[in-house]
Protein chains: 4
Amino acid sequence: MQFTNDKPIYIQIIDMIEEKILRRQWSTEERVPSVRELGASIEVNPNTVMRAYDKLQQDGIFFNKRGVGFYVSASALELILETRRKLFLEQEAPNFFQSAKLLNVSLEELTKLYHQTSNT
Amino acid sequence: MQFTNDKPIYIQIIDMIEEKILRRQWSTEERVPSVRELGASIEVNPNTVMRAYDKLQQDGIFFNKRGVGFYVSASALELILETRRKLFLEQEAPNFFQSAKLLNVSLEELTKLYHQTSNT
Amino acid sequence: MQFTNDKPIYIQIIDMIEEKILRRQWSTEERVPSVRELGASIEVNPNTVMRAYDKLQQDGIFFNKRGVGFYVSASALELILETRRKLFLEQEAPNFFQSAKLLNVSLEELTKLYHQTSNT
Amino acid sequence: MQFTNDKPIYIQIIDMIEEKILRRQWSTEERVPSVRELGASIEVNPNTVMRAYDKLQQDGIFFNKRGVGFYVSASALELILETRRKLFLEQEAPNFFQSAKLLNVSLEELTKLYHQTSNT
DNA sequence: GTGGTCTAGACCACC
DNA sequence: GTGGTCTAGACCACA
């Protein structure tokens, strides 16, 4: 996995996991890789993965069976959708459209870009 | 000036200056405030302002007359527009629309948001 | 380390590092001393070392693993050689030979000086 | 006239003047432009030109007739040649050839470059 | 007056 | 531990 330098790695891991859940690649109530496994596969210190899992657990997206591992919670999908939609509508969209106007990108161009964007 | 905590101050200064240029509040070939002046007016250490000016100079947006001060370069507006448009079209827009699709925000909703966005 | 007064310290640090890489004393993909370490060893403020590292990173000679340290990039040697050769052939050499001609230093004398120059 | 940022302007003016003398464009005992004249023609503050003239006078290259102007001294050419040759042979040449060796520029290439260099 | 460099010391997030 | 940012204060050369 490739990491950018503008965000902490553990945040990028969280984003990746949330995307996997959103895309139904990781299902509800499913056990997720151990911190060591995931750490090894994406070449990141297990502590950093742990930090991401911790945050996800705090947010109610993961839960933990002691000595067994982490699981995707039943309400995970709903939670992620809710918070992300809120962020998207209240923060990202206004910023995005304001940028567009400042840069003279018209509604037509935006619509075209919208249709060009793949779902992957 | 108000600063947020999610970005370094010197970056926020750069953003502010680029916006001023984009909005034609600072014109090409015009002398800009000295590091001390700007520092005093926005209550930031002159070193921090210097760091912003330095970056802007590296990017060709400012140039410098020795012992006199910094100036907005002739190509500043063009440079900013070019890099920002590129970033917008190639990075931000795809990410944004992909998010929209992932979150089931329809084109109609987006269009509505577009029209709601103020130009300021 | 000895510093001269005709160049900023951070530039002299950059030069020293590039020379180390050119002479294969610091290898590609190798971790370099932390800003604090190097600062202590050459008796310079860590901020000044940081400034040098920052520039090297901008130029693609260093890269950075978050929370770990700076590394010599894979293309470092190539980059340094390329830019230095270009500078040498297009700027320094013409200036040098023009000076020689202006000062009536003959090709024979230059050749002699060439052979006298040590490789260190 | 074009100025670089890596050297003070007054030094660049001195260099330019010395070159003019070396090339016999300004002759011995000849009156040189006033500080105001030269300042206007190269778009530099007269104070800065004055600083250059001052230094040249200190070095014995110019002399001054009060109320009349500055003149190229009789020994100017000799003085310039002497100091420049010394600098060239003891500093510039060793540095130059050491660079050449570090960058694997052979004697043949250097000789070729020598012949390519125009005298202008 | 201007930019530019440097130090010392502090604080922070991240790994 | 690591980089990274910021401040306060100093000093300097240059225009």
Side-chain angles (χ1 to χ4, degrees), chain A residues 3 5-13 35 39 43-52 54-55, chain B residues 3 5-13 31-40 42-57 62-71, chain C residues 3 5-13 31-40 42-57 62-71, chain D residues 3 5-13 35 39 43-52 54-55:
Chain A
F3 296 103
N5 276 323
D6 59 327
K7 275 198 235 175
I9 293 180
Y10 83 97
I11 296 283
Q12 297 182 55
I13 295 175
V35 288
E43 290 177 317
V44 154
N45 191 307
N47 289 329
T48 308
V49 178
M50 189 52 182
R51 190 162 181 179
D54 231 38
K55 179 73 161 41
Chain B
F3 295 106
N5 277 323
D6 60 325
K7 277 197 227 174
I9 293 180
Y10 78 92
I11 296 284
Q12 297 181 55
I13 295 175
R31 187 168 170 279
V32 303
S34 77
V35 287
R36 288 175 183 83
E37 271 172 22
L38 185 58
I42 62 178
E43 290 177 314
V44 153
N45 190 294
N47 284 334
T48 306
V49 178
M50 178 60 123
R51 192 164 178 183
Y53 279 22
D54 208 45
K55 181 73 162 38
L56 287 164
Q57 190 176 20
F62 277 4
F63 68 93
N64 188 300
K65 286 193 196 166
R66 299 182 61 122
V68 183
F70 285 92
Y71 290 73
Chain C
F3 295 105
N5 276 324
D6 60 327
K7 277 196 228 176
I9 293 181
Y10 78 92
I11 296 284
Q12 296 181 54
I13 295 175
R31 188 170 170 278
V32 303
S34 78
V35 287
R36 288 176 183 80
E37 271 172 23
L38 186 58
I42 61 178
E43 290 178 314
V44 153
N45 190 293
N47 284 335
T48 306
V49 178
M50 178 60 121
R51 191 165 179 182
Y53 280 22
D54 208 46
K55 180 72 162 41
L56 287 164
Q57 190 176 21
F62 277 4
F63 67 94
N64 187 300
K65 288 193 194 166
R66 298 182 60 122
V68 183
F70 284 92
Y71 291 74
Chain D
F3 296 102
N5 276 324
D6 59 327
K7 275 197 234 175
I9 292 180
Y10 83 97
I11 296 282
Q12 297 181 55
I13 294 174
V35 287
E43 288 177 320
V44 154
N45 190 306
N47 290 329
T48 308
V49 178
M50 189 53 184
R51 191 162 180 177
D54 232 37
K55 179 75 162 38

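When reading the values below, keep in mind they use all heavy atoms of this one structure, side chains included, and skip hydrogens, waters and symmetry mates. Below, chain A is the first sequence line, B the second, and so on; all start at residue 1. The structure displayed is predicted, hence computed values, not measured ones.
- Between B:Phe3 and B:Val44, some side-chain heavy-atom pair lies under the 4.5 Å cut-off.
- Side-chain proximity of B:Val35 to the nucleotides E:dC14, E:dG3, F:dC6 is greatest for E:dG3.
- For F:dA15, neither phosphate oxygen OP1 nor OP2 lies less than 4.0 angstrom from any side-chain nitrogen or oxygen of D:Arg51.
- Atom CD1 in B:Ile11 sits roughly 12 Å away from atom P in F:dG4 (whole-Å rounding).
- Side chains of A:Asp54 and A:Tyr10 form no contact here, defined as non-hydrogen atoms less than 4.5 Å apart.
- Residue C:Met50 contributes atom CE, which lies 4 Å from atom P of F:dG4 at whole-angstrom precision.
- In this entry the distance linking CZ of C:Arg66 with P of F:dT5 reads 11 Å, nearest Å.
- Judged by distance alone, the side chain of B:Arg51 and the main-chain N or O of B:Ile9 form no donor-acceptor pair under 3.5 Å.
- Considering only residues two or more places apart in sequence or on other chains, B:Pro46 meets the side-chain contact (heavy atoms from CB on, under 4.5 Å) condition with none of them.
- With sequence neighbours excluded, the residues forming a side-chain contact (heavy atoms from CB on, under 4.5 Å) with D:Val35 are D:Val49, D:Met50, D:Tyr53, listed by chain and number.
- Atom CZ in B:Phe62 sits roughly 13 Å away from atom C1' in E:dG3 (whole-Å rounding).
- Within 4.0 Å of C:Tyr53, counting heavy atoms only, lies no atom of the nucleic acid at all.
- Checked against side-chain contact (heavy atoms from CB on, under 4.5 Å), D:Asn45 has the following partners two or more places apart in sequence or in another chain: D:Asn47, D:Thr48.
- A residue-by-residue look at C:Gly69 and D:Thr48 shows that C:Gly69 has its nearest nucleotide of DNA chain F further toward the 5' end.
- Residue C:Glu43 is the one, among C:Glu43 and C:Gly67, whose nearest nucleotide of DNA chain E lies closer to the 5' end (criterion: closest heavy atom).
- Listed nucleotides E:dT2, F:dG4, F:dA15 differ in distance to B:Val68; the shortest reach to its side chain belongs to F:dA15.
- Within the 4.0 angstrom heavy-atom criterion, no nucleotide atom of any strand lies near B:Gln12.
- Put simply, CZ on C:Phe70 is 17 Å from P on E:dC14, counting in whole angstrom units.
- B:Lys65 pairs by the salt bridge (Lys or Arg N to Asp or Glu O under 4.0 Å) definition with nothing, not counting sequence neighbours.
- For the atom pair B:Asn64 CG and D:Asn5 CG, the distance stands at 6.0 Å (nearest 0.5 Å).
- Rounding to the nearest 0.5 Å places CG of B:Asp6 at 11.5 Å from CD1 of B:Ile11.
- Between B:Arg66 and D:Lys7 the shortest heavy-atom distance is NH1-O, 3.0 Å.
- Distance CG (C:Asp54) to C1' (F:dG4): 9 Å, rounded to an integer number of Å.
- Across all strands shown, B:Val44 has heavy atoms under 4.0 Å from sugar-phosphate atoms exclusively, and none from any base.
- Distance, B:Tyr10 OH to E:dC12 P: 19 Å, rounded to whole Å.
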Quiz item: How does DNA chain F look in dot-bracket notation if pairs are Watson-Crick or G-U with both distances under 3.5 Å, crossing ones as [ ], other-strand ones as |?
Solution: ||||||||||||||.
Using a cutoff of under 3.5 Å, can you pull out all pairs of nitrogen or oxygen atoms linking the protein to nucleotides 9-12 of chain F, with atom names and distances?
residue	atom	partner	partner atom	Å
F:dG9	O6	B:Asn47	ND2	2.8

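- Taking the side chain of A:Ile9 as heavy atoms from C-beta on, and the options F:dG4, E:dC15, E:dG4, the nearest nucleotide is E:dC15.
- If you take CG of B:Asn5 and P of F:dT5, they are 14 Å apart, rounded to a whole angstrom.
- In this structure, of E:dC15, F:dC14, E:dC6, it is E:dC6 that holds the atom nearest to the side chain of C:Pro8.
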